[in-house]
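Here's the structure, in C-alpha coordinates; my notes come after.
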Amino acid sequence: MRRLRWYWGALVLACVALLAGFFVFFGSESRPGQPQPRQGPPGTGPLTVVAMGDSTVSGEGAGQYIPATNGQGGNWCHRSPNAFVEKIAVPGISARVNLGCSGAPAEQVGLGDVKQWTEPSQARQLAALVKDHRVAAVVIAVGANDEPKFSNQVNDCFKAWFNAGGPPCSTVLKQTWQSKVDAMVPKVAAAVSDVKKVLADAGYVPADYQLILQSYAAPIGPDLPEDLRNLNGCPFRTEDLRWISQTGIGVLSAGLKAAAQQTGARFLDLAKAGVKHEACSGGANPATEWFTRLTLQLSDLGQAERAGHALQESFHPNAAGHLAIANCLSEFIAARDGNASCLAGADGKLHAAPEVVAR
(Lines give C-alpha, C1' and ligand atoms only; values in the text may rest on other atoms or scores of the structure.)
Protein backbone atom coordinates (compact mmCIF):
# COMPACT_ATOMS: atom_id res chain seq x y z
CA MET A 1 0.00 0.00 0.00
CA ARG A 2 2.86 2.37 0.80
CA ARG A 3 4.43 1.67 -2.60
CA LEU A 4 1.11 2.46 -4.32
CA ARG A 5 0.69 5.74 -2.49
CA TRP A 6 4.30 6.66 -3.35
CA TYR A 7 3.72 5.75 -7.00
CA TRP A 8 0.58 7.89 -7.37
CA GLY A 9 2.19 10.79 -5.51
CA ALA A 10 5.19 10.73 -7.79
CA LEU A 11 2.94 10.52 -10.84
CA VAL A 12 0.93 13.59 -9.74
CA LEU A 13 4.12 15.59 -9.11
CA ALA A 14 5.46 14.63 -12.52
CA CYS A 15 2.24 15.76 -14.21
CA VAL A 16 2.28 19.09 -12.37
CA ALA A 17 5.88 19.70 -13.41
CA LEU A 18 5.07 18.82 -17.03
CA LEU A 19 2.07 21.17 -17.13
CA ALA A 20 4.05 23.97 -15.49
CA GLY A 21 6.76 23.62 -18.13
CA PHE A 22 4.09 23.56 -20.84
CA PHE A 23 2.54 26.87 -19.71
CA VAL A 24 5.90 28.56 -19.09
CA PHE A 25 7.12 27.57 -22.54
CA PHE A 26 4.02 28.60 -24.45
CA GLY A 27 3.33 31.61 -22.25
CA SER A 28 6.72 33.10 -23.09
CA GLU A 29 6.44 32.62 -26.82
CA SER A 30 4.39 35.10 -28.85
CA ARG A 31 1.78 33.71 -31.19
CA PRO A 32 1.21 35.15 -34.66
CA GLY A 33 -1.11 38.15 -34.47
CA GLN A 34 -0.61 38.62 -30.72
CA PRO A 35 -0.09 42.34 -29.81
CA GLN A 36 3.47 43.10 -28.75
CA PRO A 37 4.30 45.64 -26.02
CA ARG A 38 5.43 48.81 -27.77
CA GLN A 39 8.83 50.28 -27.20
CA GLY A 40 8.43 53.91 -26.11
CA PRO A 41 5.94 56.58 -27.17
CA PRO A 42 3.38 55.90 -29.93
CA GLY A 43 3.25 57.56 -33.33
CA THR A 44 6.00 58.54 -35.71
CA GLY A 45 8.83 61.01 -35.75
CA PRO A 46 11.91 61.69 -33.62
CA LEU A 47 12.08 60.92 -29.93
CA THR A 48 11.56 64.34 -28.36
CA VAL A 49 11.82 66.26 -25.11
CA VAL A 50 9.40 69.20 -24.85
CA ALA A 51 9.74 72.18 -22.50
CA MET A 52 6.68 74.19 -21.48
CA GLY A 53 6.20 77.13 -19.16
CA ASP A 54 7.36 80.68 -18.57
CA SER A 55 10.53 82.79 -18.91
CA THR A 56 12.73 80.32 -17.03
CA VAL A 57 11.90 77.83 -19.80
CA SER A 58 11.85 80.08 -22.86
CA GLY A 59 15.37 81.31 -22.23
CA GLU A 60 14.74 84.85 -21.01
CA GLY A 61 18.13 86.23 -20.07
CA ALA A 62 20.05 83.72 -22.21
CA GLY A 63 20.19 86.01 -25.26
CA GLN A 64 20.17 85.44 -29.03
CA TYR A 65 16.38 85.26 -29.08
CA ILE A 66 14.60 83.80 -32.07
CA PRO A 67 13.53 86.90 -34.05
CA ALA A 68 9.87 85.83 -34.21
CA THR A 69 9.80 85.88 -30.37
CA ASN A 70 11.77 89.09 -29.91
CA GLY A 71 9.01 91.59 -30.48
CA GLN A 72 7.85 90.74 -33.99
CA GLY A 73 4.11 91.22 -34.21
CA GLY A 74 3.95 91.75 -30.45
CA ASN A 75 5.51 88.37 -29.60
CA TRP A 76 7.88 88.78 -26.63
CA CYS A 77 8.16 85.12 -25.62
CA HIS A 78 11.95 85.46 -25.85
CA ARG A 79 12.87 81.89 -26.84
CA SER A 80 16.59 81.37 -26.93
CA PRO A 81 18.76 78.69 -28.56
CA ASN A 82 20.66 78.80 -25.26
CA ALA A 83 17.61 77.68 -23.22
CA PHE A 84 18.16 74.54 -21.13
CA VAL A 85 15.92 72.34 -23.27
CA GLU A 86 18.21 72.93 -26.25
CA LYS A 87 21.19 71.68 -24.22
CA ILE A 88 19.67 68.49 -22.80
CA ALA A 89 21.71 65.40 -23.69
CA VAL A 90 19.93 62.08 -23.09
CA PRO A 91 20.68 58.91 -25.09
CA GLY A 92 17.98 58.21 -27.66
CA ILE A 93 16.44 61.69 -27.60
CA SER A 94 17.21 63.43 -30.89
CA ALA A 95 14.77 66.38 -30.92
CA ARG A 96 14.15 69.23 -28.51
CA VAL A 97 11.16 71.59 -28.65
CA ASN A 98 10.71 74.77 -26.63
CA LEU A 99 7.10 75.94 -26.18
CA GLY A 100 7.91 78.22 -23.22
CA CYS A 101 6.91 81.87 -23.31
CA SER A 102 8.16 84.67 -21.07
CA GLY A 103 5.53 85.75 -18.57
CA ALA A 104 3.23 82.79 -19.23
CA PRO A 105 0.68 81.99 -16.50
CA ALA A 106 -0.47 78.44 -15.81
CA GLU A 107 -3.66 78.95 -17.83
CA GLN A 108 -1.68 79.60 -21.01
CA VAL A 109 0.29 76.40 -20.47
CA GLY A 110 -2.95 74.45 -20.09
CA LEU A 111 -5.84 74.06 -22.50
CA GLY A 112 -8.10 77.01 -23.08
CA ASP A 113 -8.16 80.34 -24.86
CA VAL A 114 -5.62 82.28 -22.77
CA LYS A 115 -2.82 83.76 -24.88
CA GLN A 116 0.60 85.09 -23.95
CA TRP A 117 2.31 87.63 -26.24
CA THR A 118 -0.01 86.57 -29.12
CA GLU A 119 0.72 82.84 -28.65
CA PRO A 120 -2.12 80.36 -27.99
CA SER A 121 -2.28 77.58 -25.41
CA GLN A 122 0.97 75.65 -25.07
CA ALA A 123 -0.99 72.45 -24.47
CA ARG A 124 -2.71 72.95 -27.84
CA GLN A 125 0.69 73.48 -29.43
CA LEU A 126 1.74 70.17 -27.87
CA ALA A 127 -1.32 68.48 -29.38
CA ALA A 128 -0.14 69.58 -32.84
CA LEU A 129 3.44 68.54 -32.10
CA VAL A 130 2.65 64.91 -31.21
CA LYS A 131 1.33 64.33 -34.72
CA ASP A 132 4.89 64.10 -36.01
CA HIS A 133 7.01 63.72 -32.86
CA ARG A 134 7.29 60.93 -30.30
CA VAL A 135 7.38 62.68 -26.94
CA ALA A 136 9.64 60.97 -24.42
CA ALA A 137 9.60 63.71 -21.76
CA VAL A 138 7.70 66.91 -20.99
CA VAL A 139 9.36 69.41 -18.65
CA ILE A 140 7.13 72.14 -17.17
CA ALA A 141 8.09 75.21 -15.12
CA VAL A 142 5.19 77.52 -14.36
CA GLY A 143 3.39 79.21 -11.48
CA ALA A 144 5.53 82.25 -10.65
CA ASN A 145 3.36 84.45 -12.88
CA ASP A 146 0.15 83.40 -11.19
CA GLU A 147 -0.72 84.63 -7.68
CA PRO A 148 2.92 84.88 -6.53
CA LYS A 149 3.61 87.28 -9.44
CA PHE A 150 7.31 86.96 -8.80
CA SER A 151 8.35 89.76 -11.19
CA ASN A 152 6.01 92.16 -9.37
CA GLN A 153 7.61 91.19 -6.07
CA VAL A 154 11.04 91.91 -7.53
CA ASN A 155 9.79 95.35 -8.57
CA ASP A 156 8.43 95.99 -5.08
CA CYS A 157 11.76 94.99 -3.56
CA PHE A 158 13.56 97.35 -5.93
CA LYS A 159 11.26 100.17 -4.84
CA ALA A 160 11.97 99.29 -1.21
CA TRP A 161 15.72 99.68 -1.88
CA PHE A 162 15.13 102.99 -3.62
CA ASN A 163 12.95 104.22 -0.73
CA ALA A 164 15.49 103.64 2.02
CA GLY A 165 13.27 105.20 4.68
CA GLY A 166 10.36 102.83 4.07
CA PRO A 167 9.82 99.22 5.16
CA PRO A 168 11.54 96.31 3.38
CA CYS A 169 9.42 94.47 0.81
CA SER A 170 9.70 91.26 2.81
CA THR A 171 7.55 92.80 5.55
CA VAL A 172 4.46 92.41 3.38
CA LEU A 173 5.67 89.23 1.64
CA LYS A 174 5.96 87.41 4.95
CA GLN A 175 2.26 88.02 5.57
CA THR A 176 0.93 87.08 2.13
CA TRP A 177 3.39 84.74 0.43
CA GLN A 178 2.04 81.42 1.73
CA SER A 179 -1.55 82.28 0.75
CA LYS A 180 -0.39 83.36 -2.71
CA VAL A 181 1.46 80.08 -3.21
CA ASP A 182 -1.54 78.11 -1.93
CA ALA A 183 -3.76 79.84 -4.51
CA MET A 184 -1.23 79.03 -7.24
CA VAL A 185 -1.09 75.27 -6.62
CA PRO A 186 -4.47 74.27 -8.14
CA LYS A 187 -3.76 76.36 -11.24
CA VAL A 188 -0.45 74.63 -11.83
CA ALA A 189 -2.04 71.23 -11.17
CA ALA A 190 -4.77 72.02 -13.71
CA ALA A 191 -2.16 72.96 -16.34
CA VAL A 192 -0.18 69.76 -15.75
CA SER A 193 -3.41 67.73 -15.95
CA ASP A 194 -4.21 69.37 -19.30
CA VAL A 195 -0.81 68.28 -20.63
CA LYS A 196 -1.55 64.73 -19.51
CA LYS A 197 -4.94 64.90 -21.25
CA VAL A 198 -3.37 66.00 -24.53
CA LEU A 199 -1.01 63.04 -24.49
CA ALA A 200 -3.72 60.60 -23.41
CA ASP A 201 -5.92 61.80 -26.28
CA ALA A 202 -2.99 61.09 -28.61
CA GLY A 203 -2.81 57.49 -27.40
CA TYR A 204 -0.09 57.85 -24.78
CA VAL A 205 -0.14 55.95 -21.49
CA PRO A 206 1.90 57.10 -18.46
CA ALA A 207 4.63 54.54 -19.14
CA ASP A 208 5.28 56.09 -22.56
CA TYR A 209 6.78 59.35 -21.32
CA GLN A 210 8.14 61.25 -18.34
CA LEU A 211 6.17 64.17 -16.94
CA ILE A 212 8.39 66.57 -14.98
CA LEU A 213 7.49 69.68 -13.00
CA GLN A 214 10.43 71.78 -11.88
CA SER A 215 10.67 74.70 -9.48
CA TYR A 216 12.63 77.95 -9.50
CA ALA A 217 16.08 79.00 -8.34
CA ALA A 218 16.71 82.15 -6.32
CA PRO A 219 18.31 84.58 -8.82
CA ILE A 220 19.93 86.78 -6.17
CA GLY A 221 21.46 86.00 -2.79
CA PRO A 222 21.97 88.23 0.26
CA ASP A 223 25.78 88.05 0.27
CA LEU A 224 26.51 90.28 -2.69
CA PRO A 225 29.25 92.93 -2.76
CA GLU A 226 28.09 96.29 -1.41
CA ASP A 227 29.48 98.11 -4.46
CA LEU A 228 26.99 96.19 -6.60
CA ARG A 229 23.96 96.86 -4.42
CA ASN A 230 22.91 99.63 -6.82
CA LEU A 231 21.69 100.28 -10.37
CA ASN A 232 24.90 98.82 -11.76
CA GLY A 233 24.08 95.39 -10.42
CA CYS A 234 21.52 94.25 -7.86
CA PRO A 235 19.64 97.10 -6.12
CA PHE A 236 18.05 95.24 -3.19
CA ARG A 237 18.18 95.27 0.58
CA THR A 238 20.02 92.51 2.36
CA GLU A 239 17.04 91.54 4.55
CA ASP A 240 14.79 91.21 1.51
CA LEU A 241 17.25 89.03 -0.41
CA ARG A 242 17.80 86.89 2.66
CA TRP A 243 14.07 86.25 3.06
CA ILE A 244 13.59 85.47 -0.64
CA SER A 245 16.52 83.06 -0.90
CA GLN A 246 16.09 81.38 2.49
CA THR A 247 12.29 81.30 2.83
CA GLY A 248 10.33 82.59 -0.15
CA ILE A 249 11.84 80.29 -2.77
CA GLY A 250 11.48 77.29 -0.46
CA VAL A 251 7.77 77.96 0.09
CA LEU A 252 7.28 78.30 -3.67
CA SER A 253 9.08 75.00 -4.27
CA ALA A 254 6.94 73.24 -1.67
CA GLY A 255 3.81 74.45 -3.42
CA LEU A 256 5.03 73.22 -6.79
CA LYS A 257 5.98 69.86 -5.28
CA ALA A 258 2.40 69.57 -3.99
CA ALA A 259 1.12 70.22 -7.54
CA ALA A 260 3.46 67.51 -8.84
CA GLN A 261 2.19 65.02 -6.26
CA GLN A 262 -1.43 65.80 -7.15
CA THR A 263 -0.82 65.12 -10.85
CA GLY A 264 1.61 62.22 -10.68
CA ALA A 265 4.49 64.24 -12.13
CA ARG A 266 8.12 63.83 -11.13
CA PHE A 267 9.46 66.87 -9.25
CA LEU A 268 12.84 68.54 -9.79
CA ASP A 269 13.67 71.12 -7.11
CA LEU A 270 15.84 74.03 -8.23
CA ALA A 271 15.55 76.07 -5.02
CA LYS A 272 19.27 75.69 -4.23
CA ALA A 273 20.50 75.42 -7.81
CA GLY A 274 21.94 78.93 -7.97
CA VAL A 275 23.78 79.04 -4.65
CA LYS A 276 27.11 80.91 -5.04
CA HIS A 277 26.27 81.67 -8.66
CA GLU A 278 23.51 84.26 -8.13
CA ALA A 279 23.47 87.60 -9.90
CA CYS A 280 26.20 89.93 -8.58
CA SER A 281 27.78 87.11 -6.54
CA GLY A 282 30.87 87.17 -8.74
CA GLY A 283 31.71 90.80 -7.96
CA ALA A 284 34.23 91.97 -10.52
CA ASN A 285 34.03 88.60 -12.31
CA PRO A 286 30.45 88.15 -13.57
CA ALA A 287 31.56 85.12 -15.63
CA THR A 288 30.96 82.94 -12.54
CA GLU A 289 27.29 84.00 -12.33
CA TRP A 290 24.37 81.97 -13.67
CA PHE A 291 21.83 84.80 -13.50
CA THR A 292 21.58 88.20 -15.14
CA ARG A 293 22.12 91.37 -13.16
CA LEU A 294 19.89 94.42 -13.66
CA THR A 295 19.90 94.51 -17.46
CA LEU A 296 18.82 97.50 -19.51
CA GLN A 297 18.70 97.29 -23.30
CA LEU A 298 19.50 100.90 -24.13
CA SER A 299 18.80 100.39 -27.84
CA ASP A 300 15.18 99.49 -27.00
CA LEU A 301 14.53 102.77 -25.19
CA GLY A 302 14.47 104.70 -28.47
CA GLN A 303 11.65 102.55 -29.89
CA ALA A 304 8.19 103.03 -28.45
CA GLU A 305 7.11 99.43 -29.10
CA ARG A 306 10.25 98.03 -27.39
CA ALA A 307 10.85 100.49 -24.56
CA GLY A 308 8.51 98.64 -22.18
CA HIS A 309 10.62 95.50 -22.55
CA ALA A 310 14.04 97.07 -22.04
CA LEU A 311 14.40 95.52 -18.56
CA GLN A 312 12.75 92.18 -19.37
CA GLU A 313 15.95 90.12 -19.18
CA SER A 314 16.86 91.15 -15.64
CA PHE A 315 17.34 88.47 -12.94
CA HIS A 316 16.83 85.40 -15.12
CA PRO A 317 19.15 82.44 -15.76
CA ASN A 318 21.78 83.43 -18.33
CA ALA A 319 23.27 81.11 -20.95
CA ALA A 320 25.68 79.59 -18.39
CA GLY A 321 22.81 79.10 -15.96
CA HIS A 322 20.71 77.30 -18.56
CA LEU A 323 23.65 75.04 -19.40
CA ALA A 324 24.05 74.18 -15.71
CA ILE A 325 20.32 73.38 -15.40
CA ALA A 326 20.50 71.26 -18.57
CA ASN A 327 23.22 69.10 -17.01
CA CYS A 328 21.06 68.43 -13.95
CA LEU A 329 17.92 67.85 -16.01
CA SER A 330 19.72 65.44 -18.35
CA GLU A 331 20.71 63.30 -15.36
CA PHE A 332 17.19 63.51 -13.98
CA ILE A 333 15.57 62.34 -17.23
CA ALA A 334 18.10 59.52 -17.58
CA ALA A 335 17.26 58.32 -14.05
CA ARG A 336 13.63 57.83 -15.20
CA ASP A 337 11.91 57.82 -11.80
CA GLY A 338 11.75 59.53 -8.41
CA ASN A 339 12.23 63.17 -7.41
CA ALA A 340 15.50 65.06 -7.09
CA SER A 341 17.15 68.41 -6.34
CA CYS A 342 19.64 70.24 -8.54
CA LEU A 343 22.72 70.74 -6.35
CA ALA A 344 26.30 71.71 -7.15
CA GLY A 345 28.84 68.90 -7.04
CA ALA A 346 32.58 68.93 -6.39
CA ASP A 347 33.12 69.49 -10.12
CA GLY A 348 31.18 72.77 -9.97
CA LYS A 349 28.36 71.41 -12.13
CA LEU A 350 24.72 70.92 -11.15
CA HIS A 351 23.73 67.32 -10.54
CA ALA A 352 20.39 65.66 -9.85
CA ALA A 353 20.59 64.53 -6.22
CA PRO A 354 17.84 61.92 -5.67
CA GLU A 355 15.27 62.67 -2.99
CA VAL A 356 15.70 60.52 0.10
CA VAL A 357 12.31 59.08 1.00
CA ALA A 358 11.83 58.53 4.74
CA ARG A 359 10.55 55.08 5.72
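The basis for the numbers below is simple: all heavy atoms, side chains too, and nothing from hydrogens, waters or symmetry mates.
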When you look at Phe84 and Val57, which way does the side-chain contact (heavy atoms from CB on, under 4.5 Å) test go after all the steps? CA-CA 7 Å; Phe84 68 74; Val57 176; 4.2 Å; yes
Verify side-chain contact (heavy atoms from CB on, under 4.5 Å) between Leu228 and Arg293, making sure each step is shown before the conclusion. CA-CA 9 Å; Leu228 286 176; Arg293 300 178 178 186; 3.7 Å; yes
Could you please spell out the steps behind the side-chain contact (heavy atoms from CB on, under 4.5 Å) verdict for Ile249 and Ile244? CA-CA 6 Å; Ile249 286 292; Ile244 290 171; 4.2 Å; yes
Could you walk me through whether Leu296 and Leu301 pass side-chain contact (heavy atoms from CB on, under 4.5 Å), step by step? CA-CA 9 Å; Leu296 175 64; Leu301 293 179; 4.2 Å; yes
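We find that Lys349 and Glu331 are not joined by a salt bridge, their nearest charged nitrogen and carboxylate oxygen being 4.0 Å or further apart.
One finds the CZ atom of Arg96 at 10.5 Å from the CG atom of Leu47 (value rounded to the nearest 0.5 Å). Of the inter-residue distances, the one linking Asp113 atom CG with Glu107 atom CD reads 10.5 Å to the nearest 0.5 angstrom. From Arg266, atom CZ reaches atom CD of Gln214 across 12.0 Å, with rounding to the nearest 0.5 Å. From Arg124, atom CZ reaches atom CG of Asp194 across 9.0 Å, with rounding to the nearest 0.5 Å. In this structure, NE2 in His309 is found 10.0 Å from CD in Glu60, a value given to the nearest 0.5 Å. Atom NZ of residue Lys276 and atom OG of residue Ser281 lie 10.5 Å apart, to the nearest 0.5 angstrom.
Residues Cys101 and Ser58 approach most closely at N-CB, 3.9 Å, considering heavy atoms. Nearest heavy-atom pair, Gln262 versus Ala189, reported as atom, atom and distance to 0.1 Å: OE1-CB, 3.7 Å. Of all heavy-atom pairs spanning Tyr209 and Ala137, the tightest one is CB-N, 4.5 Å. Contact detail for Leu111 and Ala123: the closest heavy-atom pair is CD2-CB, 3.7 Å. The two residues Pro222 and Leu241 make their nearest non-hydrogen contact at CA-CB, 3.8 Å. In this structure, Leu270 and Cys342 approach most closely via the heavy-atom pair CD1-SG, 3.9 Å.
Under the 3.5 Å distance criterion, the side-chain polar atoms of Gln122 are matched with a main-chain donor or acceptor of Gly53. With Gln125 contributing its side chain and Pro120 its backbone, the two residues share a donor-acceptor pair below 3.5 Å. A donor-acceptor pair is defined here as one N or O able to donate and one able to accept, closer than 3.5 Å; such a pair exists between the side chain of His277 and the backbone of Thr288. Although no hydrogens or angles enter the test, the distance criterion places a donor-acceptor pair under 3.5 Å between the side chain of Tyr216 and the main chain of Gly143. Checked by atom type and distance alone, the side chain of Ser314 pairs as donor or acceptor with a backbone atom of Thr295 at under 3.5 Å. The closest donor-acceptor contact from the side chain of Thr263 to the backbone of Val192 lies at 3.5 Å or more, if one exists at all. Within the 3.5 Å criterion, the main-chain N or O of Val205 finds a donor-acceptor partner in the side chain of Asp208. The backbone N or O of Val135 lies less than 3.5 Å from no partner atom in the side chain of Thr48, so there is not a single donor-acceptor pair. Side chain of Asn230 to backbone of Asp227: a donor-acceptor contact under 3.5 angstrom is found. Listed for the Gln312 side chain is a donor-acceptor partner under 3.5 Å among the backbone atoms of Trp76.
The shortest side-chain heavy-atom distance between Leu256 and Ser253 does not fall under the 4.5 Å cut-off. Side-chain contact between Ile88 and Ile93 is absent, with no heavy-atom pair separated by less than 4.5 Å. No side-chain heavy atom of His322 sits under 4.5 Å from any side-chain heavy atom of Glu86. In this structure the side chain of Asn70 reaches within 4.5 angstrom of the side chain of His78, judged on heavy atoms. The shortest side-chain heavy-atom distance between Leu99 and Val50 falls under the 4.5 Å cut-off. By the 4.5 Å heavy-atom criterion applied to side chains, Asp156 and Val172 are not counted as neighbours. Between Asn339 and Asp269, every side-chain heavy-atom pair lies at or beyond the 4.5 Å cut-off. Side-chain contact between Val195 and Leu211 is present, with heavy atoms from C-beta onward closer than 4.5 Å.
Judged by distance alone, the side chains of Asn82 and Gln64 do bring a donor and an acceptor atom under 3.5 Å apart. Side-chain contact of Gln178 with Asp182: a donor-acceptor pair under 3.5 Å is present, judged by distance alone. Side-chain polar atoms of Asp240 and Ser170 form a donor-acceptor pair below 3.5 angstrom. Side chains of Arg229 and Thr238: a donor-acceptor N/O pair is present below 3.5 angstrom, by distance only. Using a 3.5 Å distance cut-off with no hydrogens or angles, the side chains of Asn318 and Thr292 do not pair a donor with an acceptor.
Both Phe267 and Leu252 are members of a single hydrophobic cluster when ILVMFWY side chains are connected at heavy-atom separations under 4.5 Å. Note on Leu268: it clusters hydrophobically with Val139, by side-chain heavy-atom contacts below 4.5 Å among ILVMFWY residues. Val114 and Val109 are not part of a single hydrophobic cluster, where members link through side-chain heavy atoms under 4.5 Å apart. A chain of hydrophobic side-chain contacts below 4.5 Å, direct or via other Ile, Leu, Val, Met, Phe, Trp or Tyr residues, connects Val90 to Ile325. Taking hydrophobic clusters as Ile, Leu, Val, Met, Phe, Trp and Tyr residues chained together by side-chain heavy-atom distances below 4.5 Å, Ile212 does not share a cluster with Val188.
Ring planes of Phe315 and Phe236: perpendicular class, angle over 60° (limits at 30 and 60°). Relative orientation of the Trp177 and Trp243 rings is perpendicular, given thresholds of 30° and 60° on the angle between their planes.
With sequence neighbours excluded, the residues forming a salt bridge (Lys or Arg N to Asp or Glu O under 4.0 Å) with Lys197 are Asp201, listed by chain and number. Annotation: salt bridge (Lys or Arg N to Asp or Glu O under 4.0 Å) contacts of Lys196 (sequence neighbours excluded): none. Evaluation of the salt bridge (Lys or Arg N to Asp or Glu O under 4.0 Å) rule for Lys87 yields no partner, not counting sequence neighbours.
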